[in-house]
Amino acid sequence: IQNRSNAVRIVWNNSYTPEKYVVYKKEMGKSSFSVVAKVNGSALSYYDMKVTPGKTYYYKVRQICYGENNKLMTGEISNTVKIRTQIITNKITSVKRINKSTVKISVNNSMGNTGYKIFYSTGINGKYKLLKTVNSNKKDSITVKLKEGKKYYFKTMPFVKIGKKIYYGDYSNIKSI
């Protein structure tokens, strides 16, 4: 299973090619599994795009094939696997002073995140204030103006927006200039 904040990829192996696979899913706290997909027998994975960040899900897969006289036969069901979706923390890759009052902050934002917030402080353990919200998972650097002659500390927090709800990840590493 591969995990992102807004999708889960279930991967399996097969010893032969069945007619199709049935993928089952259960959310933690629920009593039963439900069918989330029926995929072609040549497929070896499925992306579940209907997940919520921070929730735990269980998945299992069953092979379906047809025997003599087109009689439907179900194969064994796989082991159940557990996955908790998470918002992947991004990383500040560099902080560079462009001139006395301008700083360029480069961020390695994780795919699947909607964006990130950049916070700053004048002390590593001080109170961090919101500097900027970046509403894109593609933007990898921003330039901001700050007071010259001070040492600044920066950290980021990724987020995923699904509908009107926003889910936040963990703070990144701290970089200073």
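In this structure, the side chains of V61 and I10 come closer than 4.5 Å at one or more pairs of heavy atoms. Within the 4.5 Å cutoff, the side chain of F154 has no heavy atoms near those of the I174 side chain. Contact check for T89 versus K91: no side-chain heavy atoms found under the 4.5 Å cut-off. Contact annotation: the side chain of F119 approaches that of M157 to within less than 4.5 Å [non-hydrogen atoms, C-beta and beyond].
Here T133 pairs with K117, L130, N135, F159 under the side chain to side chain contact (heavy atoms under 4.5 Å, CB included) rule; sequence neighbours left out. Listed by chain and number, the residues in a side-chain hydrogen bond (donor to acceptor under 3.5 Å, both in side chains) with N69 amount to none (sequence neighbours excluded). Scanning for side-chain hydrogen bond (donor to acceptor under 3.5 Å, both in side chains) contacts around S32 gives an empty result, with sequence neighbours left out. Remark: I77 engages Y24, K60, R62 in a side chain to side chain contact (heavy atoms under 4.5 Å, CB included) (not counting sequence neighbours). For A37, the side chain to side chain contact (heavy atoms under 4.5 Å, CB included) partners two or more places apart in sequence, or in a different chain, are V23, V39, Y46. Residues satisfying the side chain to side chain contact (heavy atoms under 4.5 Å, CB included) test with N13, not counting sequence neighbours, are none. When the side-chain hydrogen bond (donor to acceptor under 3.5 Å, both in side chains) test is applied to N125, no partner is found at least two apart in sequence or on another chain. The ring-ring contact (aromatic ring centres under 6.0 Å, His included) test applied to Y21 returns W12, not counting sequence neighbours.
Listed by first and then second residue, the salt bridge (charged side-chain N to carboxylate O under 4.0 Å, His left out) pairs that reach into residues 12-33 are K25-D48, E27-K55, sequence neighbours excluded. Identified under the salt bridge (charged side-chain N to carboxylate O under 4.0 Å, His left out) test for residues 143-162, with sequence neighbours left out: none. Sorted by first and then second residue, the salt bridge (charged side-chain N to carboxylate O under 4.0 Å, His left out) pairs with a member in residues 95-105 form an empty list; sequence neighbours excluded.
Rounding to the nearest 0.5 angstrom, the gap separating the OH atom in Y120 from the NZ atom in K127 is 11.0 Å. If you take CD1 on I105 and CG on L131, they are separated by 5.5 Å, rounding to the nearest 0.5 Å.
Around atom CG of N99, more than 12 heavy atoms belonging to other residues, nucleotides or ligands sit under 6.0 Å away.
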Can you give the donor-acceptor pairs under 3.5 Å from side chains of residues 162-172 to other protein atoms, not counting sequence neighbours?
| residue | atom | partner | partner atom | Å |
| --- | --- | --- | --- | --- |
| S172 | OG | T156 | N | 2.9 |
| S172 | OG | T156 | OG1 | 3.0 |

(message) Under the criterion side chain to side chain contact (heavy atoms under 4.5 Å, CB included), I'd like the reasoning laid out for F33 against Y58: C-alpha separation, chi angles, the key distance, then a yes or no.
(response) CA-CA 8 Å; F33 281 86; Y58 299 90; 3.8 Å; yes
(message) Applying side chain to side chain contact (heavy atoms under 4.5 Å, CB included) to I118 and I142, what does each step give before you reach the verdict?
(response) CA-CA 10 Å; I118 299 176; I142 64 157; 3.1 Å; yes
(request) May I have the step-by-step check of side chain to side chain contact (heavy atoms under 4.5 Å, CB included) for T56 and I83, ending in yes or no? (result) CA-CA 6 Å; T56 300; I83 187 75; over 6 Å; no
(message) Y153 vs Y128, test: side chain to side chain contact (heavy atoms under 4.5 Å, CB included). Steps then yes/no.
(response) CA-CA 8 Å; Y153 297 86; Y128 282 79; 3.5 Å; yes
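In terms of heavy-atom proximity, N173 sits nearest to N90 at OD1-O, 4.5 Å. S176 and V95 make their closest contact through O-CB, 4.4 Å (heavy atoms, listed as atom of the first residue, atom of the second, distance). For the residue pair N14 and G41, the shortest heavy atom distance occurs at ND2-O, 4.1 Å. Nearest heavy atom pair, residue S42 against residue T17, reads N-CG2, 4.0 Å. Here the closest non-hydrogen pair linking S106 and S141 is OG-CB, 3.7 Å. Taking both residues in full, the closest heavy atoms of P53 and T85 are given as CA-OG1, 3.3 Å, listed atom of the first, atom of the second, then distance.
With N113 contributing its side chain and I87 its backbone, the two residues share no donor-acceptor pair below 3.5 Å. The backbone N or O of T52 sits less than 3.5 Å from a side-chain atom of Y57, completing a donor-acceptor pair.
One hydrophobic cluster holds both V36 and L44 under the rule that ILVMFWY side chains link at heavy-atom gaps under 4.5 Å.
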